[in-house]
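Data first, discussion second: the structure below is written as structure tokens.
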Amino acid sequence: MTLRMQMLRNAWAGPFNASIDAAQCLCVTGASGSGKSVLLRMLADMDPVEGELSLAGMDRRAMSASTWRQRVMLVPAQAGWWAPTVLEHFAEATLTDAQQLADRLRLPSDIFERQVLRLSSGERQRLALIRALVTRPTALLLDEPTASLDQDSVAAVESLLAKELARGLILVLVTHDAAQAARMGHQTLHIASGKPVAA
Amino acid sequence: MKTILLQPLDLSIAASLVIVDIGLSIVLRLRLHRQIAIAAARMVVQLVMIGYVLKFVFALNSPIATAVIVMLMVLVAAREVAARPDRSLIHGQNYLIGLVSVAGAATLASVFALITAIRPDPWFDPHYAIPLVGIILGSVLNAGSIALDGVLSGVEAAQPGIEARLMLGHSYWAAMASLIRGSIRRGMLPIINQMSAAGIITLPGIMTGQILAGLDPIEAVKYQILLMFLLSGASGLVAVAVAYAAAWRLTDDRQRLRLDHLR
């Protein structure tokens with residue numbers, strides 16, 4: 001399994017060339033507004049793009065947009081919620097998994113019964129990650145997944161991601177934290193003003 | 001009972017009430033007197049004009065003249081539906097959506113009524129067709145503009161939730177379902193209110209008019225019931241058509257939410 005981009009670009013950022021194998025993590029770094037989130041949206045086929053994008057040799061256009069996004073799943077920095085309670089955002093069959101992950105990420109045990117509006121930003125961030133992980137994507141695109149977390153929770157998220165990587169997940173991780181990039185990344189892509197910069 | 005015809009003098013006496021309004025506005029410094037005078041004058045001119053137009057068209061009794069009037073009415077209503085929302089679609093697609101859905105819903109409801117219930121001879125008799133289309137368009141205008149506004153003005157606020165579902169691999173239509181449903185519901189509320197209030201809180205205008213014009217109240221009520229059914233049918237059709245068409249114009253072949261199609 002490889003996620004491959006060739007000359008991937010749109011009006012705001014690119015062109016990007018990279019390929020990430022299973023169990024590998026690509027860390028994307030750069031200043032705010034440099035185009036990191038734009039790149040993630042392009043990878044999830046959320047915005048019009050030019051260039052080539054493929055997973056395991058299959059072009060993104062060879063599968064439906066929803067299949068592509070199930071396999072290459074984006075968790076944005078501010079994930080959206082469409083129903084009042086946390087529980088409504090999870091499919092019945094994924095709840096046991098979700099509960100286990102919530103424990104690992106140090107979330108309170110009644111978190112699924114709570115109202116989304118009453119969650120802290122750190123709780124939302126971890127729940128959005130859980131919501132994506134329980135659907136078992138092939139590649140996961142995370143936009144600053146530990147931005148609003150305390151040190152212990154950051155460690156818990158990183159160890160969970162390391163475990164998922166070991167199981168073969170492809171990870172693209174946008175981070176502001178150079179130490180995190182060093183801990184997690186097998187490759188680094190640095191972006192400045194929408195363009196890749198040689199490290 | 002025969003119709004009591006109004007004389008110019010009767011109208012002048014009633015107009016004195018408008019003068020009272022203007023007087024009140026001056027005394028109480030409401031600064032409304034100009035607006036009241038202009039609105040009253042507009043109302044008189046517009047209604048007299050439409051009266052003569054209708055008289056002329058009724059006299060012609062030609063299907064083409066009737067069709068031209070109906071088309072003009074549909075165009076004006078479609079324009080209103082399209083212009084009402086804060087946000088509109090690029091390339092004037094609001095107008096296209098407004099025209100297709102208003103014309104479709106109004107035509108379906110009026111032709112349905114003319115050939116099944118009212119059955120004038122010929123079925124396009126302007127005495128029946130034009131007022132009927134007018135009433136239906138009023139309701140369609142309400143439902144259509146509210147539903148269109150619901151989707152176009154609501155989609156930006158709903159964007160995070162919609163995109164969250166897209167990112168999880170849900171289909172575009174699943175992700176949009178709650179916004180579309182909410183918009184259709186809002187579009188349907190006026191006619192639901194109108195139906196539940198009819199006869200208790202309000203005496204519908206058509207029925208009142210027919211009673212004043214000398215028709216037996218039960219006959220007038222039957223007409224009103226028929227009209228309410230037509231209005232609810234047409235409102236439902238136009239709200240559904242407008243909401244789905246607007247949602248359809250906000251996506252592309254990759255099931256993305258394309259807010260760049262708004263301006």
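Chain A is the first sequence line, chain B the second, and so forth, proteins listed ahead of strands; every chain is numbered from 1. What you see below is based on every heavy atom in this structure, not just the backbone, and it leaves out hydrogens, waters and symmetry mates.
- Within 6.0 Å of NE2 on A/H176 lie more than 12 heavy atoms contributed by other residues, nucleotides or ligands.
- In this structure, chain B has a heavy atom under 4.5 Å from the backbone of A/S64, while its side chain stays farther away.
- Comparing A/R71, A/R60, A/H89 by how many heavy-atom pairs each has under 4.5 Å with chain B, the most go to A/R60.
- Among B/Q255, B/Q159, B/R165, the residue making the largest number of heavy-atom pairs under 4.5 Å with chain A is B/R165.
- The minimum heavy-atom distance linking B/L168 with A/Q70 is given by the pair O-CG, 3.8 Å.
- A heavy-atom distance below 4.5 Å is not found between the side chains of B/P160 and A/Q78.
- Counting heavy-atom neighbours within 6.0 Å of B/R185 CZ, excluding the residue itself, gives a total of 12 or less.
- Within a 6.0 Å sphere centred on CZ of A/R183, other residues, nucleotides and ligands contribute more than 12 heavy atoms.
- Chain B is approached within less than 4.5 Å, heavy atom to heavy atom, by A/R41, A/D45, A/M46, A/D47, A/P48, A/V49 from residues 33-54 of chain A, ordered by number.
- Within 6.0 Å of the OH atom in B/Y172, the count of heavy atoms belonging to other residues, nucleotides or ligands exceeds 12.
- The local environment of CE in A/M1 is sparse, with at most 12 non-hydrogen atoms from other residues, nucleotides or ligands closer than 6.0 Å.
- Across all their heavy atoms, B/A164 and A/G80 have their closest contact at CB-O, 3.2 Å.
- Smallest separation of non-hydrogen atoms from A/R61 and B/R254: CA-NH1, 3.9 Å.
- Around atom CD of A/Q151, no more than 12 heavy atoms belonging to other residues, nucleotides or ligands sit under 6.0 Å away.
- Within 6.0 Å of CH2 on B/W248 lie no more than 12 heavy atoms contributed by other residues, nucleotides or ligands.
- Residue B/Y244 places its OH atom among 12 or fewer non-hydrogen atoms of other residues, nucleotides or ligands, all under 6.0 Å distant.
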